[in-house]
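Working notes, beginning with the structure itself.
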Amino acid sequence: MKKTNLFFIAIIGLTTIIVTLIDVVKPSILISNSTKHNIYLYSGESIYGVEPNEEEVEEIMNETPQIIKPNEFKRVSPSIFGMMKNNTRIDIGWSVGNRQSYYSISSGGQPFTLSSDGRSCKVLITIYEKTSTLEEIKRGFCYKRITPFRDTYGQNLDKRLYHLKY
C-alpha cells in the first residue's frame, strides 16, 4: 500500500514539474489595458499561409473573449501543439469598450509567427484609447520565439519595435 501511494505521489510531483517547465519555456504575449474601459481580447492559432475553413472561422467568431479590466493585463501563450508545429501563426485581436467592434471605441489586432528563428520570447502590447504600442522584451530562453508581423489591422499600432540583441 505504501509503495503504491509513494508511486502516485512521485507521478503527480513529476507531472507538476514537467508542466511548470513547459510553461516557463513557452513564449508569451502580454496585453496591457491602459484605458478606462474593458478590453475584449480574442486570440487564435493557425498555420502560417493556410487559410482557415468555414468551421474554424465560425468557431473563432463565436468564441467568448477574455476580458481585460482597466490597468490589468493578460498573458497569451501558444498551446503545446502550436509550439510543436512549424510556422504557427498567433492572431491577437481586441476591441475597447464593447465586445462588438462596430460599437466599440476602437479595435485592432496584431498577428505573430512562432518559429525557432524568431526574434523574442516575450512581447508586450499596451492598448490605449485610440492607439497601441508593441514592445519586445528580452528574456533568456524559450522553446520557440515570436516575431510580430509588420502589418496590423484595426487601429494604428505604434511601429516602434524595440529591436533586441541576443
Side-chain angles (χ1 to χ4, degrees), residues 15-48 52 55-83 85 88-115 118-164:
T15 304
T16 303
I17 290 170
I18 289 171
V19 168
T20 302
L21 285 175
I22 288 172
D23 194 47
V24 167
V25 299
K26 285 170 71 170
S28 59
I29 302 164
L30 300 172
I31 296 93
S32 174
N33 183 354
S34 291
T35 72
K36 296 177 184 175
H37 308 280
N38 286 344
I39 291 178
Y40 298 86
L41 180 70
Y42 298 88
S43 61
E45 290 180 9
S46 61
I47 298 174
Y48 178 69
E55 293 169 358
E56 291 171 327
V57 172
E58 183 79 21
E59 184 179 319
I60 291 168
M61 296 305 288
N62 290 329
E63 181 180 297
T64 303
Q66 294 184 43
I67 299 173
I68 308 174
K69 294 183 179 183
N71 300 315
E72 290 185 356
F73 71 92
K74 293 280 183 186
R75 177 180 171 212
V76 176
S77 294
S79 68
I80 293 173
F81 297 114
M83 288 180 37
K85 295 177 187 173
T88 298
R89 177 181 166 134
I90 302 171
D91 286 300
I92 304 291
W94 62 83
S95 61
V96 178
N98 194 307
R99 180 177 174 176
Q100 304 296 325
S101 61
Y102 182 77
Y103 297 110
S104 67
I105 295 167
S106 64
S107 63
Q110 175 65 50
F112 299 89
T113 56
L114 184 65
S115 64
R119 290 204 323 234
S120 20
C121 289
K122 188 181 279 189
V123 175
L124 171 66
I125 298 174
T126 305
I127 302 172
Y128 303 98
E129 297 287 334
K130 298 287 182 183
T131 189
S132 55
T133 59
L134 177 84
E135 179 180 355
E136 296 178 46
I137 300 171
K138 186 175 183 178
R139 189 172 97 184
F141 174 77
C142 58
Y143 180 69
K144 291 210 176 173
R145 295 182 180 270
I146 300 170
T147 302
F149 278 76
R150 290 282 182 198
D151 58 329
T152 61
Y153 49 92
Q155 66 180 239
N156 296 327
L157 183 69
D158 192 342
K159 298 292 183 176
R160 292 178 294 158
L161 299 179
Y162 299 93
H163 300 285
L164 302 175

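In this chain, numbering begins with 1 at the start of the sequence shown. All of these numbers come straight from a predicted model, not from anything done at the bench.
- Annotation for Pro78 and Lys26: closest pair O-CE, 2.7 Å, computed over non-hydrogen atoms.
- Going from atom SG of Cys121 over to atom CZ of Arg145 covers 4.0 Å, rounded to the nearest 0.5 Å.
- Of the inter-residue distances, the one linking Thr147 atom OG1 with Ile90 atom CD1 reads 10.5 Å to the nearest 0.5 angstrom.
- Residues satisfying the side-chain hydrogen bond (donor to acceptor under 3.5 Å, both in side chains) test with Thr113, not counting sequence neighbours, are none.
- Partners of Ser79 by side-chain hydrogen bond (donor to acceptor under 3.5 Å, both in side chains), not counting sequence neighbours, listed by chain and number: Glu45.
- One distance of note links OG of Ser43 with CD of Gln66; it measures 5.5 Å at 0.5 Å rounding.
- Put simply, the side chain of Pro27 reaches to within 4.5 Å of the side chain of Leu114, judged on heavy atoms.
- Between the side chain of Ser28 and the backbone N or O of Arg75, no donor-acceptor pair lies under 3.5 Å.
- In this structure the side chain of Val96 never reaches within 4.5 angstrom of the side chain of Tyr128, judged on heavy atoms.
- Closest heavy-atom contact between Gly82 and Thr88: O-OG1, 2.6 Å.
- The two residues Pro148 and Phe112 have their closest heavy-atom pair at CA-CD2, 3.5 Å.
- Looking only at side-chain heavy atoms (C-beta outward), Ile31 and Asn33 stay at 4.5 Å or farther from each other.
- Between Lys74 and Ile67 there is no side-chain heavy-atom pair separated by less than 4.5 Å.
- The backbone N or O of Ile146 lies less than 3.5 Å from no partner atom in the side chain of Lys122, so there is not a single donor-acceptor pair.
- When the side chain to side chain contact (heavy atoms under 4.5 Å, CB included) test is applied to Lys69, the partners found at least two apart in sequence or on another chain are Asn38, Glu72.
- A side-chain donor-acceptor contact under 3.5 Å links Lys144 to the backbone of Lys85.
- For the pair Phe149 and Gln110, the minimum side-chain heavy-atom distance is below 4.5 Å.
- Looking at heavy atoms from C-beta onward, Val76 lies in side-chain contact with Leu41 at the 4.5 angstrom threshold.
- Listed for the Glu129 side chain is a donor-acceptor partner under 3.5 Å among the backbone atoms of Lys36.
- Considering only residues two or more places apart in sequence or on other chains, Ser32 meets the side chain to side chain contact (heavy atoms under 4.5 Å, CB included) condition with Ser34, Phe73, Leu124, Thr126.
- Here the shortest heavy-atom pairing between Tyr40 and Gly97 reads CE1-C, 3.9 Å.
- One finds the CD1 atom of Ile39 at 10.0 Å from the CD1 atom of Ile125 (value rounded to the nearest 0.5 Å).
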